[in-house]
Student: 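Attaching a single structure in structure tokens format; questions to follow.
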Amino acid sequence: QVQLVESGGGLVQPGGSLRLSCAASGSIFAINVMSWYRQAPGKQRELVAAISSGGGTNYADSVKGRFTISRDNAKNTVYLQMDSLRPEDTAVYYCNARITTLIRRIDTYWGQGTQVTVSS
């Protein structure tokens with residue numbers, strides 16, 4: 001049993017900042033790639049940012065220079081620092097992790113999603 005629990009969403013004005021967190025818990029042996037996705041109304045879910053277990057990162061072009069992904073391996077937690085937010089960043093943000101469990105099974109897990117709304 002593995003769970004991903006997100007926190008940190010909310011309402012923010014354009015130009016503002018938010019920090020999302022996602023903590024993984026359960027029967028975890030190792031966490032490989034951790035990612036953030038988002039889905040706006042009427043649109044497909046898209047990758048926002050990803051970070052490997054070694055710290056390598058990649059970002060969607062739309063968020064480069066504004067968002068920063070990081071992780072704390074000791075806490076099994078991934079973060080997304082979002083600065084200079086724009087109305088088009090409004091979406092439900094989902095945490096995603098590729099996890100090896102204690103029985104050495106590798107699966108992809110999703111969080112429940114957290115709403116981010118950028119509006120004046």
Side-chain angles (χ1 to χ4, degrees):
Q1 230 29 8
V2 173
Q3 284 188 318
L4 300 182
V5 178
E6 299 142 347
S7 60
L11 173 64
V12 64
Q13 291 187 342
S17 297
L18 281 176
R19 189 191 195 209
L20 305 183
S21 300
C22 172
S25 63
S27 304
I28 298 170
F29 174 74
I31 302 179
N32 307 308
V33 177
M34 303 186 83
S35 308
W36 288 96
Y37 285 74
R38 67 185 181 187
Q39 188 166 19
K43 294 189 175 182
Q44 289 190 332
R45 191 172 297 190
E46 62 174 355
L47 176 66
V48 176
I51 184 166
S52 70
S53 56
T57 59
N58 69 280
Y59 296 91
D61 288 343
S62 60
V63 307
K64 281 181 182 176
R66 301 188 298 121
F67 290 10
T68 303
I69 190 171
S70 61
R71 65 191 281 174
D72 184 334
N73 291 330
K75 296 182 179 180
N76 289 339
T77 299
V78 63
Y79 307 96
L80 186 67
Q81 177 67 40
M82 305 185 292
D83 299 317
S84 302
L85 282 160
R86 304 167 180 169
E88 54 264 39
D89 295 318
T90 296
V92 178
Y93 283 70
Y94 296 91
C95 175
N96 171 288
R98 190 82 171 150
I99 293 175
T100 303
T101 64
L102 294 177
I103 60 171
R104 303 305 190 263
R105 176 177 172 139
I106 302 174
D107 278 315
T108 297
Y109 296 87
W110 291 90
Q112 79 284 1
T114 185
Q115 177 70 46
V116 171
T117 302
V118 185
S119 175
S120 55

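The figures that follow rest on heavy atoms only: side chains count, while hydrogens, waters and symmetry mates do not.
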Student: Should D72 and Y79 count as side-chain neighbours, where that means a heavy-atom distance under 4.5 Å?
Tutor: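 Contact flag for D72/Y79 side chains = yes.
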Student: Check whether any side-chain heavy atom of R71 sits under 4.5 Å from a side-chain heavy atom of S53, and report yes or no.
Tutor: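 Result yes, sub-4.5 Å side-chain heavy-atom pair found.
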Student: Looking only at non-hydrogen atoms, find the nearest pair between V92 and G113 and report the distance.
Tutor: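 Nearest pair, atom of V92 first, then G113: CG1-CA, 3.8 Å.
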Student: As an exercise, state the distance from CD1 of I28 to CD of Q3, rounded to the nearest 0.5 Å.
Tutor: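 The CD1 atom of I28 sits 10.0 Å away from the CD atom of Q3.
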Student: Step through the shown structure and confirm whether more than 12 heavy atoms of other residues, nucleotides or ligands are within 6.0 Å of CD on Q44.
Tutor: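 Atom CD in Q44 is not crowded, with 12 or fewer foreign heavy atoms closer than 6.0 Å.
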Student: Please tell me whether L80 and Y94 are part of a single hydrophobic cluster in this structure, the criterion being side-chain heavy atoms less than 4.5 Å apart.
Tutor: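 Different clusters: L80 never reaches Y94 through Ile, Leu, Val, Met, Phe, Trp or Tyr contacts under 4.5 Å.
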Student: So which of L47, I51, L20, N96 actually passes side-chain contact (heavy atoms from CB on, under 4.5 Å) with W36?
Tutor: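 It is L20; the other options fail the test.
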Student: Same cluster or not: L4 versus Y37, using hydrophobic residues (I, L, V, M, F, W, Y) connected whenever any side-chain heavy atoms lie under 4.5 Å apart?
Tutor: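 The answer is no; the residues belong to distinct hydrophobic clusters.
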Student: Given 3.5 Å as the limit, does a donor-acceptor pair link the side chain of R105 with the main chain of I99, or not?
Tutor: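 It does not hold such a pair.
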Student: Do W110 and V33 share a hydrophobic cluster (ILVMFWY, side-chain heavy atoms under 4.5 Å, transitive)?
Tutor: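 The answer is no; the residues belong to distinct hydrophobic clusters.
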Student: Taking all atoms of both residues into account, what is the closest heavy-atom pair of E6 and G111, and its distance?
Tutor: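 Minimum heavy-atom separation between E6 and G111: OE2-CA, 3.3 Å.
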Student: A side-chain contact here means heavy atoms from C-beta on lying under 4.5 Å apart; do T101 and V2 qualify?
Tutor: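 Of all side-chain heavy-atom pairs linking V2 with T101, at least one is under 4.5 Å.
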Student: Got I31 and Y109 here, is their nearest side-chain heavy-atom distance under 4.5 Å?
Tutor: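 A side-chain contact under 4.5 Å is absent here.
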Student: Angle between ring planes, Y93 versus F67, binned at 30° and 60°: parallel, tilted or perpendicular?
Tutor: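 Tilted, since the angle between the ring planes falls between 30° and 60°.
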Student: Which value, rounded to the nearest 0.5 Å, describes the distance between N73 atom CG and M34 atom CE?
Tutor: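 CE of M34 is found 8.5 Å from CG of N73.
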Student: For Q39, I'd like to know if atom CD has over 12 heavy atoms of other residues, nucleotides or ligands within 6.0 Å.
Tutor: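 Yes, enclosed.
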Student: Disulfide bond (SG atoms under 2.5 Å apart): which pairs involve residues 57-120, sequence neighbours left out?
Tutor: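 Non-adjacent pairs meeting disulfide bond (SG atoms under 2.5 Å apart): C22-C95.
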Student: Would you say that L11 contacts S119 through its side chain, given a criterion of any heavy-atom pair below 4.5 Å between the two side chains?
Tutor: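 Answer yes - side chains close enough.
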Student: Can you give each donor-acceptor pair under 3.5 Å made by side-chain atoms of residues 54-62, sequence neighbours left out, with the distance rounded to 0.1 Å?
Tutor:
{"unit_1": "Y59", "atom_1": "OH", "unit_2": "I69", "atom_2": "N", "d": "2.9"}
{"unit_1": "D61", "atom_1": "OD1", "unit_2": "K64", "atom_2": "NZ", "d": "3.1"}
{"unit_1": "S62", "atom_1": "OG", "unit_2": "R38", "atom_2": "NH2", "d": "3.4"}

Student: Using modelled atom types only, decide if a donor and an acceptor are shared between the side chain of T90 and the backbone of V118 within a distance under 3.5 Å.
Tutor: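 Yes, T90 side chain to V118 backbone: donor-acceptor pair under 3.5 Å.
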Student: Would you find a donor on one side and an acceptor on the other, under 3.5 Å apart, between the side chain of R66 and the backbone of S84?
Tutor: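 It does hold such a pair.
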Student: Could you please spell out the steps behind the side chain to side chain contact (heavy atoms under 4.5 Å, CB included) verdict for V116 and M82?
Tutor: CA-CA 10 Å; V116 171; M82 305 185 292; 3.9 Å; yes
